[in-house]
Protein chains: 2
Amino acid sequence: MEGKPQTRIQHKNTAAILDAALDVFSSHGFRGATVDQIAKAAGLSKPNLLYYFSSKEVIHRTLLEGLLDTWLAPLHALDSQAEDPLEEILDYARRKLEMSREMPRESRLFANEILQGAPRLEEVLSGHLKPLVDEKAQIISGWVAAGKIAPVHPYHLIFSIWSLTQHYADFDIQVRTVLPENEAADPFPEASHHLETILRKMLAP
Amino acid sequence: MEGKPQTRIQHKNTAAILDAALDVFSSHGFRGATVDQIAKAAGLSKPNLLYYFSSKEVIHRTLLEGLLDTWLAPLHALDSQAEDPLEEILDYARRKLEMSREMPRESRLFANEILQGAPRLEEVLSGHLKPLVDEKAQIISGWVAAGKIAPVHPYHLIFSIWSLTQHYADFDIQVRTVLPENEAADPFPEASHHLETILRKMLAP
DNA sequence: TGGATGTTTGACCATATGGTCAGGATAACG
DNA sequence: CGTTATCCTGACCATATGGTCAAACATCCA
């Protein structure tokens, strides 16, 4: 962005604030989160927090912008030159599931936004996400046309992967409540196996 | 519940309030919704609304309780005696997708709750949903054992159906933004076709 | 070491919000 | 038609919340 001659303290505190904000925003949504909550979670006083970020809105925007690249990286990585398209798509799905496991807060942050109509995310959706998905859908269509994978609607395939993987982060409480005890502790091994099976059957040419 | 000698006005206003509340809660979450918003949407003054429901909390609880049966009806209907298990599961999935189309507000209401850790829904999840899912998972396991459908983890199969169908309601904005114009107007025909294809391939014995 | 720069805080403010209340308006009904 | 039960409202209250500010306090470095 710009030259940021960050102090040690600045670096430490902004990081703490963003991490705390991720916690709070992801579990209460923008409206449900309070500046006091975030400040407390970051170990700062409210005025102190507002010394680093001028408003709740700014914290939120900074978070979203900072996480967007990470969030879209797996889809970005989908490679049109992959020798084995099925494996390439499986890799994408695996990475997405991995992100649900390792970054559930991020998943819920975005889920909250989109659920509520994406009021703070419209530009991102139409400006970044759509072109990216268009491009990758094109690639998938090419693989279908070449007979490398079974005929499938590329956009809905992507939606499927999103929903199947993000479900384990966004609806974590439900998943763990419903699952039998022994699996509830860690649903991901079975989820991973299930996901792979689905996709293999769906896409086998 | 109890004898409710509802007046005409009572009936009309409580209905209006619950409908308005569904609108507001589903698009802003519990915390994000305000009593004033709901009152305005229902065409009542705030004190008037609070004459019918003693608090925001009560409105919310009433809504959830009133919608729960409807929401779980499709899963309830999954019949162990069905002659064609694959078709029975497909029917379930179709009904769920239909609900995403016809009742997106309800879907988002529940999604909001679960996303935020189900603070007002814990009893429902462990008290009603879990036993129901346990029962239906049993049925599915039976079908697998009998070779009627392909081997599949019953709980994760149910999660798959939930996520694949609810995605179109909960992430509606994203779906419509990403999809090409001609499909964005109504994503459901293609979604339905896609869903059916996935499930057939996944479950074919 | 002393000033310049950066950091932190308690006190404070305006507004939003959930909720109350006394009394007035309206409908129901004998 | 008059009384009773229901319905509705403006004014009000307590609290929560986003945000400000002047002043105290640290830190850094010449």
Side-chain angles (χ1 to χ4, degrees), chain A residues 1-64 109 112-113 116 119-120, chain B residues 1-64 109 112-113 116 119-120:
Chain A
M1 292 275 189
E2 53 190 78
K4 285 187 180 177
Q6 283 225 323
T7 302
R8 221 184 278 181
I9 298 178
Q10 263 166 38
H11 185 73
K12 191 192 71 176
N13 282 349
T14 53
I17 290 168
L18 289 175
D19 187 71
L22 178 55
D23 257 19
V24 177
F25 281 134
S26 70
S27 53
H28 300 286
F30 180 80
R31 187 80 202 305
T34 76
V35 176
D36 270 316
Q37 263 179 317
I38 300 172
K40 194 174 179 182
L44 300 175
S45 66
K46 183 168 64 167
N48 199 179
L49 181 150
L50 290 166
Y51 168 73
Y52 292 98
F53 292 89
S54 56
S55 74
K56 181 179 164 182
E57 180 82 37
V58 168
I59 305 175
H60 193 256
R61 188 167 35 244
T62 305
L63 248 193
L64 287 180
L109 180 77
N112 256 307
E113 283 307 297
Q116 313 202 349
R120 276 163 276 277
Chain B
M1 295 269 190
E2 54 191 79
K4 285 188 181 179
Q6 284 224 323
T7 303
R8 220 184 280 179
I9 298 177
Q10 262 166 36
H11 184 73
K12 191 192 71 177
N13 281 349
T14 53
I17 290 169
L18 289 174
D19 187 72
L22 179 55
D23 257 18
V24 178
F25 282 133
S26 69
S27 52
H28 300 285
F30 180 79
R31 186 80 200 309
T34 76
V35 177
D36 270 316
Q37 263 179 317
I38 300 172
K40 193 174 180 183
L44 301 175
S45 66
K46 182 167 66 167
N48 198 180
L49 180 151
L50 289 167
Y51 169 74
Y52 291 99
F53 292 89
S54 56
S55 74
K56 181 179 165 182
E57 180 82 37
V58 168
I59 305 176
H60 193 257
R61 189 168 34 245
T62 305
L63 247 194
L64 286 181
L109 181 76
N112 257 307
E113 283 308 295
Q116 313 203 347
R120 276 163 276 276

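So you know, we letter chains A, B, ... as the sequences are listed, proteins then strands, and number each from 1.
A close approach under 4.0 Å does not occur between any side-chain nitrogen or oxygen of A/N48 and OP1 or OP2 of C/dT7. For D/dC7, one of the phosphate oxygens OP1 or OP2 lies less than 4.0 angstrom from a side-chain nitrogen or oxygen of B/T7. Residue A/S45 places no side-chain N or O under 4.0 Å from the OP1 or OP2 atom of C/dT8.
Between the C1' atom of D/dT6 and the CD atom of B/Q6 lies a distance of 13 Å, rounded to the nearest Å. Taking atom NE2 of residue A/H11 and atom C1' of nucleotide C/dT7, one finds them 17 Å apart after rounding to whole Å. Here the P atom of nucleotide C/dT7 and the CZ atom of A/R8 are 12 Å apart, to the nearest Å. Per the geometry, CG belonging to B/L49 stands 11 Å off P belonging to D/dT9, to the nearest Å. In this entry the distance linking NZ of B/K12 with C1' of D/dT6 reads 13 Å, nearest Å. For the pair A/N13 CG and D/dT27 C1', the interatomic distance rounds to 14 Å; values are reported in whole Å. When rounded to the nearest whole Å, the span between CD1 of B/I9 and P of D/dA5 equals 16 Å. Between the OH atom of A/Y51 and the C1' atom of D/dC25 there is a distance of 12 Å, rounded to whole Å.
Using the six-membered ring where Trp is involved, B/F25 and B/F30 have ring planes that are parallel, under 30° apart on the 30 and 60° scheme.
A side-chain donor from one of B/N112 and A/Q116 sits under 3.5 Å from a side-chain acceptor of the other.
Among the heavy atoms of the strands, none lies under 4.0 Å from A/F53.
To the nearest 0.5 Å, atom CG of residue B/L49 and atom OG1 of residue B/T14 are 10.5 Å apart. If you take NZ on A/K46 and CD1 on A/I38, they are separated by 11.5 Å, rounding to the nearest 0.5 Å. One distance of note links OH of A/Y52 with CG of A/N13; it measures 4.0 Å at 0.5 Å rounding.
Out of D/dT6, C/dT7, D/dT9, the shortest distance to the side chain of B/Q10 is found at D/dT6.
B/S55 contributes a side-chain N or O that, together with a main-chain N or O of B/V58, makes up a donor-acceptor pair within less than 3.5 Å.
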Mind listing the N/O atom pairs, protein and nucleotides 14-18 of chain C, below 3.5 Å?
residue, atom, partner, partner atom, Å
C/dT17, OP1, A/R31, NH2, 2.6
C/dG18, OP1, B/A33, O, 3.3
C/dG18, OP1, B/K56, NZ, 3.0
C/dG18, OP2, B/V35, N, 2.8
C/dG18, N7, B/K46, NZ, 2.8

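Here B/N48 pairs with nothing under the side-chain hydrogen bond (donor to acceptor under 3.5 Å, both in side chains) rule; sequence neighbours left out.
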